[in-house]
Amino acid sequence: MSALIKVKGLTRIFDVSKPWLNRVIERLPKALLTAVSDVSFEVEENSVYALVGESGSGKSTIGKIVVGLVPPSQGSVMINDVDLATETDAAKVEAVRADIQMIFQDPYASLNPRWRVREIIAEPVAAKGGNTTGLAERLLEQVGLSAADAVKYPHEFSGGQRQRICIARALASEPKVIVCDEPTSALDVSVQAQVLNLMSDLREEFGLTYLFISHDLTVVQHMADRIGVLYLGRLVEEAPRDILFEDPKHPYTRMLFDAAPRMDGFGREVDPPKGEIPDAINPPKGCAFHPRCPIAVERCSRERPEMRDVRGARVACHLAE
Ligand SMILES: Nc1ncnc2c1ncn2[C@@H]1O[C@H](COP(=O)(O)OP(=O)(O)OP(=O)(O)O)[C@@H](O)[C@H]1O
Ligand code: SF4
Ligand SMILES: [Mg+2]
């Protein structure tokens, strides 16, 4: 079976230079930030692929490239064998855009406060001249709210309910793929679990494919079929969920597991992640993780490790056996 999403050699560089005049006066070079570097992975239809990594590792950038909000600097994303960045057939582009939706972290910022929930949910369909009769009411019930909520405004809901509204809107155009960028990070732990369960149920019901972005491995533990771990814009490990959880091979993946929220007797978090995330404009040479790596050897600061197959996973580490 061919994959529904194929990401190949994806790279995105942002120009973060000061304005031209400042650069000339201060004799500064251009500053380029590589947010995503040579990332490749595939997502099978009706599966959940999770991208995990710390803040700034490039997760949202990859999500935005996949839905076509940001163009890649190099590499490609194929959805249903169509590349949104280069496809010239407008009908094909339109079809793929309708097939893919995105849900963001902040459910309030992504809802228009002046619109009623009915308009918000039906908008993607109304914009294309589709039939919206009863659509919002039906979708509200599907996401665990009530049809009567259609006449309310976003501020009348809790955070978890608002994220349900965002999910209902994403479902309105009957997409095949949903890119979920930290959809539950702004929610309380108990509400998080409810929204994640809802998303799992909807995947079954509608045969959806998710690209699920999170900084937290424990959030994706129950949902993901496959997990990619990002560090400073690069994939460092990629494996089916069970293999990653039972046998994490990259020192950074192991560090993420150690840093996963664990409480001590007083409800405080223990084991914060060790070391600073380096500057993405001047990433460390060789393996970008070497300044933080507990097992780094001399070679690590010279030579960047290539991705290779190790015991059912793909790993970029010189010492992974
Ligand atoms: N439009 C932009 N212009 C300049 N730099 C950007 C832009 N978008 C992202 N970046 C930079 O690219 C890097 C990756 O950002 P991105 O938002 O993809 O990270 P992330 O993994 O989603 O982080 P977080 O967990 O904080 O959301 C960061 O260093 C960020 O500052
Ligand atoms: S390549 Fe070296 S520095 Fe990088 S993760 Fe492996 S051991 Fe650590
Ligand atoms: Mg992000």
Side-chain angles (χ1 to χ4, degrees), residues 7 10-19 30-39 50-67 69-73 77 102-107 109-110 179-186 211-217 219-220 227-238 248-259 273-308 310 313-321:
V7 174
L10 199 64
T11 298
R12 172 67 211 207
I13 297 167
F14 290 110
D15 187 343
V16 291
S17 312
K18 287 194 176 172
K30 265 198 168 191
L32 298 178
L33 184 153
T34 305
V36 178
S37 186
D38 197 18
V39 167
L51 280 175
V52 180
E54 286 164 301
S55 183
S57 56
K59 305 179 298 291
S60 295
T61 305
I62 294 175
K64 287 178 199 160
I65 296 173
V66 168
V67 299
L69 284 174
V70 168
S73 304
V77 176
M102 189 156 180
I103 301 172
F104 296 93
Q105 171 172 358
D106 182 348
S110 49
V179 175
C180 320
D181 190 353
E182 308 259 13
T184 63
S185 306
L211 177 60
F212 195 102
I213 292 169
S214 178
H215 64 275
D216 186 348
L217 269 168
V219 166
V220 303
I227 299 174
V229 180
L230 284 167
Y231 188 75
L232 270 188
R234 285 183 177 272
L235 268 185
V236 295
E237 178 159 10
E238 208 230 13
K249 297 171 187 72
H250 196 283
Y252 177 62
T253 314
R254 293 202 287 265
M255 185 181 279
L256 281 183
F257 277 116
D258 289 344
K274 291 164 205 65
E276 293 274 310
I277 304 170
D279 177 9
I281 299 175
N282 290 303
K285 298 264 174 312
C287 173
F289 187 56
H290 83 258
R292 294 170 78 187
C293 181
I295 59 166
V297 293
E298 190 270 332
R299 179 184 177 198
C300 303
S301 56
R302 269 190 292 117
E303 202 184 313
R304 191 173 56 229
E306 295 294 331
M307 269 284 197
R308 58 205 171 85
V310 182
R314 290 165 64 214
V315 192
C317 170
H318 293 309
L319 302 187
E321 289 316 331

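Counting convention: from 1, in listed order, for ligands and their atoms alike.
- Interatomic distance, NE2 of His250 versus CE of Met307, reported as 8.5 Å (0.5 Å rounding).
- Between Val16 and ligand 1, no N or O atom pair is found at a separation short of 3.5 Å.
- Among the atoms of Cys300, an N, O or S atom is found under 2.8 Å from atom 2 (Fe) of ligand 2.
- Ring geometry for Tyr231 against Phe289 counts as perpendicular: the plane angle is over 60°, on a 0 to 90° scale with 30° as the lower cut.
- Some N or O of Ser55 is nearer than 3.5 Å to an N or O of ligand 1, by distance alone.
- Residue contact check for ligand 1: Gln105 places no non-hydrogen atom closer than 4.0 Å to it.
- With distances taken over non-hydrogen atoms, the option nearest atom 22 (O) of ligand 1 out of Gly56, Ser214, Ser60, Ala31 is Ser60.
- With a heavy-atom cut-off of 4.0 Å, Cys317 touches ligand 2 through backbone and side chain alike.
- In this structure, atom 25 (O) of ligand 1 lies nearest to the protein heavy atom Lys59 NZ, 2.8 Å.
- Summary of contacts: the protein heavy atom closest to atom 4 (Fe) of ligand 2 is Cys287 SG, 2.3 Å.
- Judged purely by atom type and a 3.5 angstrom limit, His318 uses its side chain to pair as donor or acceptor with the backbone of Glu303.
- For ligand 2 and Leu319, the ligand atoms under 4.0 Å from any heavy atom of the residue are 7 (S).
- Between the side chain of Glu237 and the main chain of Ala313, no donor-acceptor pair closer than 3.5 Å is present.
- When atom types are taken as modelled, the side chain of Ser17 and the backbone of Ala31 share a donor-acceptor pair closer than 3.5 angstrom.
- Closest to atom 31 (O) of ligand 1 among all protein heavy atoms lies Leu33 CD1, 4.4 Å.
- Residue, atom and distance of the protein heavy atom nearest to atom 8 (Fe) of ligand 2 are Cys293 SG, 2.3 Å.
- For the residue pair Asp216/Ser214, the side-chain donor-acceptor check at 3.5 Å is not satisfied.
- Contacts between His250 and ligand 2, counted as non-hydrogen atom pairs separated by less than 4.0 Å, involve the side chain only.
- Among all protein heavy atoms, the one lying closest to atom 12 (O) of ligand 1 is Ala35 CB, 3.2 Å.
- Side-chain atoms of Lys59 never come within 3.5 Å of backbone atoms of His215 as a donor-acceptor pair (strictly under, hydrogens ignored).
- A distance-only check finds a donor-acceptor pair linking the side chain of Arg308 to the backbone of Cys317 [under 3.5 Å].
- Put simply, CD1 on Ile281 and CZ on Phe14 are 12.0 Å apart, with the number rounded to the nearest 0.5 Å.
- The protein atom (non-hydrogen) at minimum distance from atom 1 (S) of ligand 2 is His318 N, 3.3 Å.
- A donor-acceptor pair under 3.5 Å is formed between the side chain of His290 and the backbone N or O of Lys285.
- Counting the atoms of ligand 1 from 1 in the order shown, those under 4.0 Å from a heavy atom of Ser57 are 19 (O), 21 (O).
- Heavy-atom contacts of Glu54 reach the following atoms of ligand 1: 21 (O) (cutoff under 4.0 Å).
- Not a single heavy atom of Gly53 lies less than 4.0 angstrom from ligand 1.
- Atom 1 (N) of ligand 1 has Phe14 CE2, 3.5 Å as its closest protein atom, hydrogens excluded (heavy atom only).
- Between the side chain of Arg254 and the main chain of Lys249, a donor-acceptor pair closer than 3.5 Å is present.
- Put simply, the side chain of Arg12 never gets that close to the backbone of Ile62: no donor and acceptor are under 3.5 Å apart.
- The nearest heavy-atom contact from the protein to atom 15 (O) of ligand 1 is Thr61 OG1, 3.8 Å.
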